[in-house]
Structure formats: structure tokens, C-alpha cells
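Notes to accompany the following structure.
Numbers here simply count residues along the sequence, with the first being 1.
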Amino acid sequence: MQVPWRSAYVRLATLTALAAVAAYVLAELLPFADPIPAAITAAVATRATFHHAAKETVFQILGALLGAAIALAIVSLIGTGPLVIFLLVLLCFALARVLRLASPDESPFVAASMAVTVILVVGTHFTTELAVERFAGVAIGALCALAASALATPTRDTRLLRQDIDALQDALAALLAEMSRGLRDVPSRDSARAWREEAVALRNRSIGLDARLEDLAVHARWSPRI
């Protein structure tokens, strides 16, 4: 029976909840920090992989900083209201594309993530003091999410990938050795079917490893580990 903590899903769920609680408590203890944005940001930014968490942390802090600064300028000109939210969300999409924070295919998701943070920072009754508190809360939540994500994957992603590649090589070698022994005689239909199923499973593992390698190559610049 598998230990619950060894399940990646259970581990991520637990660490996300702990990150949200830690961010809320820290924001309550520190002056000029709003605990609600802190907890929400920690829950949103925690990821199963460290490089994704680092990337999301940058987006959350950037969105909070730019959102607060630009919102203060817009509010000083036209006041608060739905129009401010409309303009800020459009601005997030423009920034995601102009600053090239991600590939063109990922830009809509990056813009949406930044827009959530901007709306969270702007909130209601927007003032300079509230902007500082909400930005501080977002920063605290992002840092807690980064710490939780580091615990979610304590081993470096490159090392895990190499271990899984070595395991795949061993499994492939074992299958080829078994087939070579079986082909000395006339293999049965059941043996041939089992070999085929094992080969398909190994192929699927290889495809998964290739996807993980591509993911690391694309997002390596966001991870302090790589």
C-alpha cells in the first residue's frame, strides 16, 4: 500500500494548504500586508515543479507591482469603477505580449494569471495605502508558494529526469533480453502479446520523458536550480 505522502497529488495538496496558511499568518503579523491576497496568491502560485512555481511567482509579483502602479495612475485620472478593471485586464494582455514573458501560445494564460493578481490588488476602495498592503500580501504569498513548491519536489528536476531515463533503459534492456530468450523457441501468442504491451508501455514512458525534457528546456531560465 502506497504511503499517502508519497503521492504527488496528496503532497501538493498538503503543501498548498500549508503555504496558504503560512502566507496568511505572516501577512497578519507583518505591518502593511493584507493577509487575504497573501493566502490567495500562495494557493494559486504553488506548483508541483519548482521551475513552474518560480515562473508563476515572477508573474504574480510583476502583475501586482505593475497593476498597483498603473491602477493608481488610472484611478487618479478617472476614479474607480468597472472601467478601471476593463483597462487593467487589457493592459495585462498587452504586457504579456510586448514583454515576451512567454511563448505566443502561453501568452493568454500568462496574461490571465497577471489579470487575476491585478484585480486582487485593485480590489475595492483603492488607495495608495491599500495598494502597498495588497502588493506586500501578494509578495508574501508568492514567496510562500515558492518555498512550498521547493518542498514538493526536493530533488532537482534534472536529476529526477536522469533517474527515470536510467530506469527506462533498464526496463528496455530487460524486455529485449526476455524477447531474445523467448525467440530461441517458437513464442506463444500470449508471450508475443505481453511483449507488445510492455513495448507500448515503454514507448509511452519515453514520450512522457521527452515531454518533461522539453518542458525543462523551455522553462529552465525561470528556475534558480538550473
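Nearest heavy atom pair, residue Ala42 against residue Ala19, reads CB-O, 3.6 Å. When every heavy atom of Ala45 is checked against every heavy atom of Ser149, the shortest pair comes out as O-OG, 4.3 Å. The two residues Pro37 and Thr41 make their nearest non-hydrogen contact at O-OG1, 2.7 Å.
Atoms CD and CD1, from Gln163 and Ile165 in turn, are 10.5 Å apart once rounded to the nearest 0.5 Å. Interatomic distance, CD of Glu198 versus CE of Met179, reported as 10.5 Å (0.5 Å rounding).
Without hydrogens or angle criteria, Ser206 side chain to Leu202 main chain gives no donor-acceptor distance under 3.5 Å.
Contacts of Ala111 classified as side-chain contact (heavy atoms from CB on, under 4.5 Å), with partners at least two apart in sequence or in another chain: Phe93, Ala96. Legend: residues meeting side-chain contact (heavy atoms from CB on, under 4.5 Å) with Tyr24, ordered by chain and number and at least two apart, are Glu28, Pro35, Ile36, Ala39. Every residue two or more places apart in sequence or in another chain was checked for a salt bridge (Lys or Arg N to Asp or Glu O under 4.0 Å) with Asp210, and none qualifies. Residues forming a side chain to side chain donor-acceptor pair (under 3.5 Å) with Ser191 (at least two apart in sequence, or on another chain): Ser188. Residues satisfying the side-chain contact (heavy atoms from CB on, under 4.5 Å) criterion with Ala147, sequence neighbours excluded, are absent altogether. With sequence neighbours excluded, the residues that form a salt bridge (Lys or Arg N to Asp or Glu O under 4.0 Å) with Arg193 are Asp190.
Hydrophobic clustering (ILVMFWY, side-chain heavy atoms < 4.5 Å, transitive): Ile119 and Val84 are in one cluster. Hydrophobic clustering, with ILVMFWY side chains joined whenever heavy atoms are under 4.5 angstrom apart, groups Leu83 together with Leu88.
Annotation: side chain of Ile61 is in contact with side chain of Phe135 (closest heavy-atom distance under 4.5 Å). No side-chain heavy atom of Leu146 sits under 4.5 Å from any side-chain heavy atom of Thr46. Contact annotation: the side chain of Leu95 approaches that of Leu91 to within less than 4.5 Å [non-hydrogen atoms, C-beta and beyond].
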Pair Leu161-Leu213, side-chain contact (heavy atoms from CB on, under 4.5 Å): steps then yes or no: CA-CA 8 Å; Leu161 186 60; Leu213 177 61; 3.7 Å; yes
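Summarising the hydrophobic clusters (Ile, Leu, Val, Met, Phe, Trp, Tyr; side-chain heavy atoms under 4.5 Å, direct or chained), the residues clustered with Tyr9 are none. Grouped by direct or indirect side-chain proximity (heavy atoms under 4.5 Å, Ile/Leu/Val/Met/Phe/Trp/Tyr only), Leu12 sits alone. With a 4.5 Å cut-off between side-chain heavy atoms of Ile, Leu, Val, Met, Phe, Trp and Tyr, the cluster of Val21 takes in Val25, Leu29.
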Between side-chain atoms of residues 166-176 and protein atoms elsewhere (two or more places apart, or another chain), which donor-acceptor pairs fall under 3.5 Å?
none

Atom pairs and distances, donor-acceptor, side-chain atoms in residues 138-145, under 3.5 Å, two or more places apart:
none

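Sequence neighbours left out, the pairs with a member in residues 45-54 that pass salt bridge (Lys or Arg N to Asp or Glu O under 4.0 Å) are Arg47-Glu56.
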